[in-house]
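Each chain gets a letter, A, B and so on, in the order the sequences are listed, and its residues count up from 1.
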Amino acid sequence: MFEISPAAGGLHLSGRFDAAAAASAEPHFEALSGAAEVNMAALEYISSAGLGVLLKAHKRLAASGAGLRLVEVSPHIAEILHFSGFDMLFEVVPASDPA
Amino acid sequence: MKLSLNRELSEIERIVAARRAYFAKHNLPGSLAYTVDLATEELFVNMIRHNNQAREKIILEFEAVDNGISVRLTDREITAFDPASAAPADIATPLEERAVGGLGLHLVRQLVGAVHCERRDDRTTLSFLARKEAAHV
């Protein structure tokens, strides 16, 4: 199950961002403007369909000098971002270690 | 385990549920779950999108093997698609030139290496092996 909700200055994602979830997520990303944060602390999974939604929004925002910042990124999601080359395109902030 | 899938993205939820049940039954390591889910989703979605004139169900099979799990997806093919013929994604492309699509097969190759394609009559089977020692995520 995938959930997306507005958060201060961006969006909060949780669950599985797969091809079935991408279409419903897109309007939330289209509504973003300026510099925005995408909190991935509760994101369990992302496939190329979810990555496509992130990239499309980031390209649109970057055209006006802003973009997406991916925060609270877990190690396995960070690995997918790395395999995709997204760590070269986005600012990626890893999840902090649990105390 | 064999599962007949409708040609709809909503079936991804059923794929994941079946994968979870199969992993539990065969005591497969959770470290392989992301790899199997992602590679299966990407190949299933490719079959739906590239072979969009087909109406028959897609057959998904899981088989536990000594060093991991073998996954097979079989479709009645009207529009031929071989993952090996797909152009590699250029992940070094700058943002403004970066295409939004084309990452799926790249990720599959990163996670499982080669995808085997076998054609018999009008059926095409795509298969991959997720190895215990090669699980990345």
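- Looking at B/Leu95, both its backbone and its side chain come within 4.5 Å of chain A, counting heavy atoms on both sides.
- When the side chains of ILVMFWY residues are joined at heavy-atom separations under 4.5 Å, either directly or via intervening members, B/Ile15 and B/Leu129 end up in two distinct hydrophobic clusters.
- The aromatic rings of B/Tyr34 and A/His76 sit perpendicular to each other, their planes meeting at more than 60°, with 30° as the lower class boundary.
- Residues B/Glu41 and A/Ser47 share a closest heavy-atom pair of OE2-OG, 2.6 Å.
- If you measure heavy-atom distances from B/Glu13 to chain A, you find no contacts under 4.5 Å at all.
- Chain B forms the most heavy-atom pairs under 4.5 Å with one residue out of A/Ala49, A/Gly85, A/Ser48, and that residue is A/Ser48.
- Of the atoms belonging to A/Leu54, not a single heavy atom falls under 4.5 Å from chain B.
- The nearest pair of heavy atoms linking B/Val45 to A/Ala19 is CG2-CB, 3.8 Å.
- Hydrophobic cluster membership differs between B/Phe44 and B/Ile59, with clusters built from Ile, Leu, Val, Met, Phe, Trp and Tyr side chains linked at under 4.5 angstrom.
- For chain B, the option among A/Lys56, A/Lys59, A/Glu44, A/Met88 with the highest count of heavy-atom pairs below 4.5 Å is A/Lys59.
- Linking Ile, Leu, Val, Met, Phe, Trp and Tyr residues whenever their side-chain heavy atoms come within less than 4.5 Å leaves A/Met40 and A/Val93 in two separate clusters.
- Heavy-atom pairs under 4.5 Å with chain B were tallied for A/Ala62, A/Ala20, A/Ala21; the largest tally goes to A/Ala20.
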(request) Check step by step if side chain to side chain contact (heavy atoms under 4.5 Å, CB included) holds for B/Leu111 and A/Ile80. (result) CA-CA 9 Å; B/Leu111 293 174; A/Ile80 294 297; 4.3 Å; yes
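- Within 6.0 Å of CD in A/Glu3 there are 12 or fewer heavy atoms belonging to other residues, nucleotides or ligands.
- Nearest approach of B/Thr93 to A/Leu89, heavy atoms of both residues: O-CD2, 3.8 Å.
- Distance check, rounded to the nearest 0.5 Å: OG of A/Ser84 to NE2 of B/His106 gives 6.0 Å.
- If you measure heavy-atom distances from B/Val16 to chain A, the contacts under 4.5 Å come from the side chain alone.
- Taking hydrophobic clusters as Ile, Leu, Val, Met, Phe, Trp and Tyr residues chained together by side-chain heavy-atom distances below 4.5 Å, B/Val36 shares a cluster with B/Met1.
- Inter-residue side-chain proximity for A/Phe86 and B/Arg98 is flagged as met; some heavy-atom pair is nearer than 4.5 Å.
- Looking at B/Ala99, only its backbone comes within 4.5 Å of chain A, counting heavy atoms on both sides.
- With a threshold of 4.5 angstrom between heavy atoms, B/Asp37 approaches chain A through its backbone and through its side chain.
- Between A/Arg16 and B/Arg20, the closest heavy-atom pair is NH1-NH2, 3.9 Å.
- Interface residue B/Leu38: backbone and side-chain heavy atoms are both found under 4.5 Å from chain A.
- Following chains of ILVMFWY side-chain contacts shorter than 4.5 Å, one can reach A/Leu70 starting from A/Phe83, so the two form part of one hydrophobic cluster.
- Side-chain contact between A/Leu51 and B/Leu107: present, with at least one pair of heavy atoms (C-beta onward) separated by less than 4.5 Å.
- In terms of heavy atoms, A/His82 sits closest to B/Ile91 at O-CD1, 4.5 Å.
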